Amino acid sequence: NDANNVLAHPITVTLPPLPNLVVSNIEVVTSPAQSGNPVTVRWTISNTGDGVVAGTWSDEILLSTDDSLGGDQSSGRFAFTDTTAPGSSITRQANINLPIDLLGSRRVVVKTDVGTSSTILSQIYEHANENDNAAIDDVAVNIQLPPLPDLVIENILVPATADSGATVPITYTLKNNGAAAATGTWRDRIYISADDMFQTFLDSEIGFLDFTGTLGAGQSITRTANVEIPISHSGARWFVVTTDMPIGSPDLIEEYLNDGNNSAIAGPTQVTLRYADLIVEAVSTATTTAQSGDTLTVSWRVRNQGTA
């Protein structure tokens, strides 16, 4: 009698009223839009469906190089919690940071109800209405490079001659050739080189000066560092000064394309090798004979026959 244990009865399943989130009225509020800086984006989310939107979902802002969706660069996701009735709209805005190397014409894309993972593609169930969640601004924004500082080293003064192991002054001018002030903390590093080319993996750092404050556009300061020439160096030597160097972290002064001129070199300085050479001489004892267990007085003289 197991064959009659199941009885089927048909029912009709229909979809409940569902929301439909649509993006419109995308606007870049910040003007001008400058690379390396934040901009404010504003957009409207409308519920054109029949059901209420209630809960939390995320909107994503992207930047497009053309006027169509797809292959766009994400600039951030922003979560919201709200309740939106059918036929109503809400306006949202968020700040995105533009990379310093992002220049030229871009269009803002906003996608609403984006997923949280590769398997969760949306957070608000819209059934067949998921395909209209993205829109692109009909007006392109021109992203411009802002005024930037440009730190350079000029007028390095080095001695004509020096001894190895000696401390010598290195005087130079630190100048901001850019169109904006340089504000922050950075380090000027000083290297000694065996030729007139700066190579960080070959040249030895022998000193530094830190700077904290502001160097205005067109402003310059003169700095002097007292550095010690390594005891083993001799012959022609050049001195390299490079600015905007890190102090345990990447450089803090954003110069973008102007980072390539932060170093200057001067010389040569003729370095004479100076070193100590200690020798022992005139060893003598108070007696020429002694027995084991005796205390013996020994005298000697130490002489430095070196050049330092």
Side-chain angles (χ1 to χ4, degrees), residues 21-48 53 56-82 84 88-117 121-124 132-151 176-186 214-217 244 246 249-260:
L21 297 178
V22 177
V23 179
S24 62
N25 302 327
I26 302 173
E27 177 188 8
V28 178
V29 180
T30 307
S31 180
Q34 295 181 328
S35 63
N37 290 284
V39 296
T40 300
V41 177
R42 183 182 298 146
W43 66 97
T44 299
I45 301 294
S46 301
N47 181 3
T48 64
V53 177
T56 299
W57 72 92
S58 296
D59 293 349
E60 183 177 17
I61 299 176
L62 305 95
L63 295 174
S64 175
T65 57
D66 52 34
D67 58 357
S68 60
L69 299 173
D72 306 319
Q73 178 181 350
S74 178
S75 294
R77 294 187 176 191
F78 307 90
F80 300 95
T81 300
D82 211 328
T84 307
S88 62
S89 301
I90 52 176
T91 299
R92 293 178 169 162
Q93 72 176 35
N95 293 328
I96 60 173
N97 293 314
L98 299 178
I100 189 63
D101 58 351
L102 185 68
L103 301 171
S105 179
R106 295 292 190 278
R107 291 179 186 263
V108 176
V109 175
V110 177
K111 293 182 179 180
T112 191
D113 190 25
V114 294
T116 58
S117 68
L121 302 181
S122 65
Q123 296 165 280
I124 303 298
D132 60 356
N133 288 156
I136 188 168
D137 194 357
D138 56 358
V139 178
V141 58
N142 183 32
I143 302 174
Q144 306 170 4
L145 190 68
L148 294 173
D150 181 14
L151 297 177
N176 179 3
N177 268 344
T183 300
T185 297
W186 68 86
T214 297
L215 193 63
D244 194 21
S249 61
D251 59 330
L252 299 178
I253 305 303
E254 181 57 73
E255 302 178 77
Y256 187 42
L257 298 177
N258 297 329
D259 272 328

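Everything numeric here is computed off the predicted structure, so don't read it as measured data.
Among residues two or more places apart in sequence or in another chain, the side chain to side chain donor-acceptor pair (under 3.5 Å) test is passed with S31 by none. Not counting sequence neighbours, the partners of N37 by the side chain to side chain contact (heavy atoms under 4.5 Å, CB included) test are Q34, P146.
Contact detail for L148 and E255: the closest heavy-atom pair is CD1-O, 3.8 Å. Shown here for P149 and E254, the closest heavy-atom pair between the two residues is CD-O, 3.5 Å. Across all non-hydrogen atoms, the minimal contact from A181 to T214 is CB-CG2, 3.8 Å. When every heavy atom of P147 is checked against every heavy atom of A180, the shortest pair comes out as O-CB, 3.4 Å. Closest heavy-atom contact between L103 and Q144: CD2-C, 3.8 Å. Here the closest non-hydrogen pair linking A217 and A179 is CB-C, 3.8 Å.
Summarising the geometry, atom CG belonging to L98 is positioned 7.5 Å from atom OG belonging to S35; distances are rounded to the nearest 0.5 Å. Taken to the nearest 0.5 Å, the CG atom of D259 stands 8.5 Å off from the CG atom of D150. Atom OG1 in T112 sits 6.0 Å away from atom CG in N133 (nearest 0.5 Å). Distance check, rounded to the nearest 0.5 Å: CH2 of W57 to OG1 of T84 gives 4.5 Å. Put simply, CG on N97 and OG on S75 are 9.0 Å apart, with the number rounded to the nearest 0.5 Å.
The aromatic rings of W43 and F78 are tilted relative to each other, their planes meeting at an angle between 30° and 60°.
The closest side-chain donor-acceptor pair between T40 and N95 falls under 3.5 angstrom. Side-chain atoms of S88 and N47 include no donor-acceptor pair closer than 3.5 Å. With hydrogens and angles left out, the side-chain atoms of S68 and D66 include a donor and acceptor closer than 3.5 Å.
Using a 4.5 Å heavy-atom cutoff, the side chains of L102 and Q73 are in contact. Between V108 and I61, the closest side-chain pair of non-hydrogen atoms falls below 4.5 Å.
Under a 4.0 Å N-O distance rule, the pair E27/R42 qualifies as a salt bridge.
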